[in-house]
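Sequence lines set the chain letters: A, B, ... in the order given, protein chains first and strands last, and positions in each chain run from 1.
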Amino acid sequence: MATLFKMSRCPQDAERYPLSANEQIISTMETQVSNGPTSNSGLPNGPPLSANGAADDSKTNLIVNYLPQNMTQEEFKSLFGSIGEIESCKLVRDKITGQSLGYGFVNYVDPNDADKAINTLNGLKLQMKTIKVSYARPSSASIRDANLYVSGLPKSMSQKEMEQLFSQYGRIITSRILVDQVTGVSRGVGFIRFDKRIEAEEAIKGLNGQKPLGASEPITVKFANNPSQKTGQALLSHLYQTTARRYTGPLHHQTQRFRLDNLLNMAYGVKRFSPITIDSMTSLAGVNLTGASSGGWCIFVYNLSPEADESVLWQLFGPFGAVTNVKVIRDFATNKCKGFGFVTMTNYEEAAMAIASLNGYRLGDRILQVSFKTSKQHKA
DNA sequence: TCATATT
């Protein structure tokens, strides 16, 4: 699906989303492989079964990668539930910290909805991420820990050339070469994820310490670090999140406010006192102010076309921050959009930035009107 | 000397 607009990190984003070095989006080149649904001999009636008699969800079960770090299970379900009925879905989290690992699974009831989800949501830009939606491979121990870290690559080697080098050992699921943020030149390190762990092991045996054709230095090939080992950054971020949620009342206590500031500073690596306003702090702490409903900040979007659907709203607002829900209001009889919809965002600052940016935005031949929802509009 | 893909 064509994205509605190209998102780039605007200057304000750098202040609103101060990221640590290891959270910086480094430019990468990556193949978007699509795991095709595995074939199955479905029975005429009832759910399709694989050879061993287990339910075959190969045509309904999807894996979603590169999700924004702050996306919750509810947001995840809301996004993919906008496509069709979900049998089950799960945002995968760190067992210790509960932090999102940035990927999840969605199993639809109808294989057609799984297909639709791939076609409409793969490549969707949410915040500074581009999500990937593809069929999940059948879960198996043999496909775990198949990720390799490669260093010492010639700077001239492209991702394609690296894949060619490794493809002799098995099916490559993803590959990536890290490049310098500013110059775009290869840093000589990358990742190769094989379909099977055995294939990765063979690649290490065959390529570690070897010189690629025409290279002057040998490359190092080893298993990549496991994502489980979290750094202090992630722990602080987690600390901040869990602590902030405990503040349920107004921040009238100077000590509370000071502590929250400190947590914010630590979590985001800010050196000086963060110029975060009381409004944003209260919204971050889950405090209700006027205009906010319990689920977040509800935004009214007017002048949508009759064909508008939920994915349009996700695409418009997702890049600005955490979106918990979107809704297109439709005519009961025709099922066409009545020209408006609602978007709920978690954080005040992000909602305010989305409104400031999207109010007056031209969508097709229409100029959108975007504002916080008012009680008057609530009646409609 | 490392971004995140198997519930």
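- The base of B:dT6 has none of its N or O atoms less than 3.5 Å from a complementary donor or acceptor on the side chain of A:Arg144.
- Checking B:dA5, B:dT4, B:dT1 against every side-chain atom of A:Thr174, the shortest atom distance belongs to B:dA5.
- At a cut-off of 3.5 angstrom, the base of B:dT7 holds at least one donor-acceptor pair with the side chain of A:Asn61.
- Dashed line: the shortest gap from a side-chain N or O of A:Tyr66 to OP1 or OP2 of B:dT4 is not under 4.0 Å.
- Rounded to whole angstrom, the span from the NZ atom of A:Lys90 across to the P atom of B:dA5 amounts to 16 Å.
- A close approach under 4.0 Å does occur between a side-chain nitrogen or oxygen of A:Lys129 and OP1 or OP2 of B:dT4.
- Remark: A:Arg176 is not in phosphate contact with B:dC2, judged by side-chain N or O atoms under 4.0 Å from OP1 or OP2.
- Taking only side-chain atoms of A:Arg193, from C-beta outward, the nucleotide of B:dT7, B:dT1, B:dA5 with the closest atom is B:dA5.
- Taking the ring centre of A:Tyr135 as origin, the terminal cationic atom of A:Lys59 falls outside the region bounded by 6.0 Å and 45° from the ring axis.
- In the interface, the side chain of A:Asn147 is paired with the base of B:dA3 through a donor and an acceptor atom under 3.5 Å apart.
- Relative ring orientation between A:Tyr103 and A:Phe105 is described as perpendicular, the plane-to-plane angle rising above 60° on a 0-90° scale split at 30° and 60°.
- Nearest nucleotide to the side chain of A:Asn65, out of B:dA5, B:dT6, B:dC2: B:dA5.
- Residue contacts shown for A:Tyr103 are limited to sugar-phosphate atoms, with no base heavy atom under 4.0 Å away.
- Pairs of residues two or more places apart, or lying in two chains, that qualify as side chain to side chain donor-acceptor pair (under 3.5 Å) and include a residue from residues 190-199 of chain A are A:Arg137-A:Asp195, A:Arg197-A:Glu201.
- Residues that satisfy the salt bridge (charged side-chain N to carboxylate O under 4.0 Å, His left out) test with A:Lys222, not counting sequence neighbours, are absent from this structure.
- For B:dT7, one of the phosphate oxygens OP1 or OP2 lies less than 4.0 angstrom from a side-chain nitrogen or oxygen of A:Ser139.
- In the set B:dT6, B:dA5, B:dC2, the nucleotide with an atom closest to the side chain of A:Ser134 is B:dA5.
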